[in-house]
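Notes follow once the structure below has been shown.
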2 protein chains.
Amino acid sequence: MVFGKKVKTLRKSRDMTLKELSILSNVSSSMLSQIEREEKNPTIQVACQIAEALNTTLSYLLDEQEDKDIILLKKAQRPIYVDEKSGFQRHLLSPSLSSQGIEFILNIIPPFSESGVFPAHKVGVKENIYISKGRLDVELGGGSFSVELVEGDSFYFAADTEHRFINLSNEECHYFLVIDSTHYRGGSSTLPKDNK
Amino acid sequence: MVFGKKVKTLRKSRDMTLKELSILSNVSSSMLSQIEREEKNPTIQVACQIAEALNTTLSYLLDEQEDKDIILLKKAQRPIYVDEKSGFQRHLLSPSLSSQGIEFILNIIPPFSESGVFPAHKVGVKENIYISKGRLDVELGGGSFSVELVEGDSFYFAADTEHRFINLSNEECHYFLVIDSTHYRGGSSTLPKDNK
DNA sequence: TAGAATATTTCACTATAGTGAATTTAAATC
DNA sequence: GATTTAAATTCACTATAGTGAAATATTCTA
């Protein structure tokens, strides 16, 4: 954890002095000095005050990812997964960076076919879809909810529930999918429901 | 900050006892008890130990967003911004949730036209694009880098630099854009470069 | 380079985070 | 419902986070 260093960097980048930050954050400048040099270990409370004064969040200050600059993915190179049975295709459009919580995917469903049931994601995971061609039925929670989408529509949902995509029409359906897992971190994968 | 409550919820959801968590995290169970009831205020160090023991991150435990479930956006309703001069269009495909750091957009550039120069985003902001129709030249950093993309290509880049999209062909260019701002929080908007 | 002005670090002190053992509460077993 | 067992809380104590003022280092100006 390089919390202190990050604070110092940010503070410097704002051209702030310890005293200024002290006033904004309501943390003594001596404390700030010690924190920046990792001599003392702030409570999350004061860490939070500091984050706010720097106009940021503690989450950010604690996040250690630092990543790549640019990645070009030519059509021919992109990973494609095809379900032999249904003909359902998944084209990965975003690089798969471990540190990244976003996936950008183009999905194609043949006429009168479907994606199969996707199990619930972890809590906090969101999906955003856009229909670029054809029609699509989205079913959530094992059928407890469903919408019919047509070309040009988009749909956003919390993906911590079963979901399924169905193409009831006689033409291919193309839709883009953005999966946002950036807010997931906790949550238990496959919890035993009740084992008393 | 409801840190303690979150810890307790997570611990319970894993069917763990204070003692178990204590062993894993190397934090005394009395301390844990007090933290969960907000009687004491952990340092980020022990908060971190707890997060790890719960197989999560401190960022997550401190994140307070809790949001919507589903949002349907019909084609006719979606917000579209058109630049009268160039004819450049931006179609917003994702809901604009303040808490959300993702934007999903469909952009359309007329033949022989361009987007204009987008100023650098804050550090940490990423863009991911996919060309669904036509050709597109992407220029980064005021011309210091450029690529030519064709239908089917996708491109990922750190958007903390000037960027510009150009359509040099005689047909419309359609491209999808995913802007990920989830990892930005700090950073100064328009820093005075050098004011000694 | 000397001297004023400001930013940072040090130090002695106070408040509170963090601990281990004892106590209480809750839950299971007979 | 009494007894045992385990989980959660309380308590007295120790370690350390956090403070204000003094000392030091740094930057600026003449």
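A note on names: the letters A, B, ... follow the listed sequences, proteins ahead of strands, and every chain is numbered from 1. Bear in mind the structure is a predicted one, so any value in this text is a computation, not a measurement.
As rounded to whole Å, 10 Å separates atom P of dA17(C) from atom CD1 of I44(A). Rounded to an integer number of Å, the gap from L32(A) CG to dA7(C) C1' is 13 Å. The nearest whole Å value for the distance from the CD atom in Q34(A) to the C1' atom in dA15(C) is 15 Å. Rounded to whole Å, atom P of dC11(D) lies 17 Å from atom CE of M31(B). Taking atom CD of residue E39(B) and atom C1' of nucleotide dA12(D), one finds them 15 Å apart after rounding to whole Å. Between the CD atom of Q45(A) and the C1' atom of dA17(C) there is a distance of 12 Å, given to the nearest Å.
Nucleic acid contact class of T43(A) (heavy atoms, under 4.0 Å, all strands): sugar-phosphate only. At the heavy-atom level, K8(A) lies nowhere under 4.0 Å from the strands shown.
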Protein-nucleotides 22-27 of chain D N/O pairs under 3.5 Å:
none

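Across all their heavy atoms, K126(A) and Y156(A) have their closest contact at CD-OH, 3.3 Å. In plain terms, the two heavy atoms of N167(A) and C173(A) that are nearest each other are ND2-N, 3.3 Å.
Looking at residues two or more places apart in sequence or on another chain, you find a salt bridge (charged side-chain N to carboxylate O under 4.0 Å, His left out) between R11(A) and E36(A). E127(B) meets the salt bridge (charged side-chain N to carboxylate O under 4.0 Å, His left out) test with no other residue; sequence neighbours excluded. Applying the side-chain hydrogen bond (donor to acceptor under 3.5 Å, both in side chains) test to S86(B) and every residue at least two apart in sequence or in another chain returns D83(B).
Of the candidate nucleotides dT8(C), dA17(C), dT10(D), dA17(C) has the atom nearest to the side chain of N41(B). The nucleotide whose nearest atom lies closest to any side-chain atom of S28(B) is, among dA8(D), dT10(D), dT19(C), dT19(C). Here the nucleotide nearest the side chain of S30(B), chosen from dT19(C), dA8(D), dT10(C), is dT19(C).
OP1 or OP2 of dT10(C) has at least one side-chain nitrogen or oxygen of R37(A) nearer than 4.0 Å. Listed pair S33(B) / dT9(D) meets the phosphate criterion, a side-chain N or O lying under 4.0 Å from OP1 or OP2. Listed pair K40(B) / dA15(C) fails the phosphate criterion, with no side-chain N or O lying under 4.0 Å from OP1 or OP2.
Under the 30°/60° scheme for interplanar angles, the aromatic rings of F118(A) and H163(A) are found to lie parallel. The aromatic rings of F104(A) and F104(B) sit perpendicular, their planes meeting at an angle over 60°, well past the 30° parallel limit.
Between R135(B) and E151(B) there is no salt bridge, since no side-chain N of the basic residue sits under 4.0 Å from a carboxylate O of the acidic one.
Non-hydrogen atoms lying under 4.0 Å from DNA chain C are contributed by N26(B), V27(B), all within residues 16-27 of chain B.
At most 12 non-hydrogen atoms from other residues, nucleotides or ligands lie less than 6.0 angstrom from OH of Y81(B).
Taking the six-membered ring for Trp and the full ring otherwise, Y130(B) and Y175(B) have centroids separated by 6.0 Å or more.
Counting only heavy atoms from C-beta outward, the side chains of R90(B) and F88(B) approach each other to under 4.5 Å.
Summarising the geometry, atom CD belonging to E139(A) is positioned 8.0 Å from atom CD belonging to E114(A); distances are rounded to the nearest 0.5 Å.
Fit an axis to the five pairs at each end of the helix from dT1(C)-dA30(D) to dC30(C)-dG1(D) and the two axes sit 40° apart, to the nearest 10 degrees.
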